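Just below is one structure, and these are the notes that go with it.
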There are 2 protein chains.
Amino acid sequence: MQTLTRNQQIIFDIINKSSEPLKAYTILSNVQKKGIKAPPQVYRALDKLIEMGKIHKIESKNAFVACQNSSCNVSKATAFSICESCEEVTEISNSKISKYLSNFAEKAGMEYKKYNLEFFGLCKKCK
Amino acid sequence: MQTLTRNQQIIFDIINKSSEPLKAYTILSNVQKKGIKAPPQVYRALDKLIEMGKIHKIESKNAFVACQNSSCNVSKATAFSICESCEEVTEISNSKISKYLSNFAEKAGMEYKKYNLEFFGLCKKCK
DNA sequence: AGTTTATTGTTATAAAATAACATTATGTAA
DNA sequence: TTACATAATGTTATTTTATAACAATAAACT
Ligand SMILES: [Zn+2]
Ligand SMILES: [Zn+2]
Ligand SMILES: [Zn+2]
Ligand SMILES: [Zn+2]
């Protein structure tokens with residue numbers, strides 16, 4: 001259980017409190033009062049947080065969310081559903097999918113280290 | 001079977017001939033001699049080609065590949081394996097995965113229109 | 001204490017994508 | 001064919017996202 005540095009903690013807190021995925025420059029504008037002034041400071045913290053599995057990047061949106069799973073195997077296996085109407089992003093509890101996809105990869109002779117799955121559609125509220 | 005416009009055809013040909021995913025600005029620099037001079041021309045063609053299912057975007061790389069499937073349901077269901085060493089990208093023939101994931105989504109009460117799955121690891125050559 | 005390694009601060013720039021608006025081509029219907 | 005609508009193109013400028021490069025601090029290790 002790795003301890004976060006100051007910048008990492010500040011940036012994690014903002015992402016974790018947010019109800020929606022945050023973009024790097026949105027984060028930046030929200031932490032400038034705390035002394036984090038430039039993009040590299042944000043991106044460096046994001047990179048580390050991703051490495052630690054504390055946050056994930058939603059690739060299709062260039063945005064970042066806190067991990068909801070604590071069990072997604074240090075960010076080696078991530079799955080999300082993304083509402084195309086309200087933009088809500090939900091991390092899918094991935095034990096079954098994960099098992100299925102590992103199995104699939106093994107049979108296919110793929111030596112994968114990581115996967116990311118993104119579903120797009122309508123959430124319960126919006127459909 | 002929709003017919004491509006001039007710009008769409010030029011850009012599709014380049015992507016289709018390429019053995020690796022191409023980035024938008026790489027494409028641009030390769031078509032300037034053919035009169036396509038500015039980013040919007042490239043991005044517009046890319047958008048249409050994606051809509052038609054002729055190409056896919058590899059979200060994690062901001063790069064584009066020609067569809068290898070002709071059966072990926074007009075780009076509603078895409079899956080790739082990506083080599084982290086040589087950058088090779090292979091489109092996974094997705095009928096089984098597709099069936100499994102549709103099923104999963106249905107059970108979860110998700111009304112999804114589309115999904116994208118990206119595996120990262122080492123290809124056969126590199127492992 | 002001295003050395004190495006990780007993190008931070010800072011400026012500048014690169015890379016990816018879109019906004020806005022004018023122009024031309026294509027399809028459709030009278 | 002002409003008139004109208006729709007789609008595609010051309011063009012300039014700008015926005016958004018991400019990284020390079022290098023100096024300064026802080027933390028960890030011997
Ligand atoms: Zn997670
Ligand atoms: Zn919604
Ligand atoms: Zn395909
Ligand atoms: Zn490889």
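Chain naming here is simple, since letters A, B, ... match the order of the sequence lines and numbering starts at 1 in each. Keep in mind that what you see is a predicted model, and the values were worked out from it rather than measured.
Between B:Asn62 and B:Ala45, it is B:Ala45 whose nearest contact on DNA chain D lies nearer the 5' terminus.
The distance between atom OH of B:Tyr43 and atom P of D:dG10, rounded to the nearest whole Å, is 17 Å. A:Asp47 has its CG atom 14 Å from the C1' atom of C:dT8, to the nearest Å. Atom CD in B:Gln41 sits about 15 Å away from atom C1' in D:dA7, given to the nearest Å. Going from atom CD of A:Gln9 over to atom C1' of C:dT8 covers 16 Å, rounded to whole Å. Summarising the geometry, the separation between CD1 on B:Ile36 and P on D:dT11 is reported as 11 Å, rounded to the nearest angstrom. In this structure, NZ of A:Lys61 is placed 14 Å from P of D:dA18, rounded to the nearest angstrom. Regarding A:Gln32, its CD atom lies at a distance of 12 Å from the P atom of C:dT10, rounded to whole Å. At whole-Å resolution of the value, CG in B:Leu28 and C1' in C:dA16 are 12 Å apart.
Considering only side-chain N and O atoms, A:Thr5 lies nowhere under 4.0 angstrom from the phosphate OP1 or OP2 of C:dA6.
At a threshold of 4.5 Å between non-hydrogen side-chain atoms, the residues B:Ile92 and B:Phe119 count as touching. Between A:Tyr115 and A:Ile97 the shortest side-chain heavy-atom distance falls below 4.5 Å. Looking only at side-chain heavy atoms (C-beta outward), A:Ile82 and A:Glu87 stay at 4.5 Å or farther from each other. Between A:Cys86 and A:Cys123, some side-chain heavy-atom pair lies under the 4.5 Å cut-off.
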Using nucleotides 23-26 of chain D, report all nitrogen or oxygen pairs with the protein that are shorter than 3.5 Å.
none

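Contact check on B:Lys125 versus B:Glu88 returns a salt bridge, with a Lys/Arg side-chain nitrogen under 4.0 Å from an Asp/Glu carboxylate oxygen.
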task = Check the pair A:Phe12, A:Ile55 against side-chain contact (heavy atoms from CB on, under 4.5 Å), reporting the backbone distance first and the verdict last.
result = CA-CA 8 Å; A:Phe12 175 71; A:Ile55 66 170; 3.9 Å; yes
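Using a 4.0 Å heavy-atom distance criterion, B:Lys57 is classed as a sugar-phosphate-only contact.
Interface residues of residues 11-25 of chain B facing DNA chain C, ordered by number: B:Lys23, B:Tyr25; criterion, heavy-atom separation under 4.0 Å.
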key: Contact pattern, 5' to 3', of nucleotides 20-27 of chain C - B, S or - by protein heavy atom under 4.0 Å   = B-------
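Residue pairs meeting the side chain to side chain donor-acceptor pair (under 3.5 Å) criterion with at least one member in residues 12-30 of chain A, sequence neighbours excluded, are A:Gln9-A:Asp13.
Between the side chain of B:Gln8 and the backbone N or O of B:Thr5, at least one donor-acceptor pair lies under 3.5 Å. A donor-acceptor contact shorter than 3.5 Å links the side chain of B:Gln68 to the backbone of B:Ala66.
Within the helix from C:dA1-D:dT30 to C:dA30-D:dT1, the inter-axis angle between the opening and closing five-pair segments is 40°, rounded to 10°.
Donor-acceptor pairing under 3.5 Å is recorded for the side chains of A:Ser60 and A:Glu118. Checked by atom type, the side-chain pair B:Asn116/B:Glu59 shows no donor-acceptor distance below 3.5 Å.
Ring geometry for A:Tyr100 against B:Tyr100 counts as parallel: the plane angle stays under 30°, on a 0 to 90° scale with 60° as the upper cut.
B:Lys113 forms no cation-pi arrangement with A:Phe120, by the criterion of a distance under 6.0 Å to the ring centre and an angle within 45° of the ring axis.
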Only distances under 3.5 Å count here; give the side-chain donor-acceptor pairs of residues 101-112 of chain A to other protein atoms, sequence neighbours excluded, each with its distance to 0.1 Å.
{"from": "A:Ser102", "atom 1": "OG", "to": "A:Ser98", "atom 2": "O", "distance (Å)": "2.6"}
{"from": "A:Ser102", "atom 1": "OG", "to": "A:Tyr112", "atom 2": "OH", "distance (Å)": "3.0"}

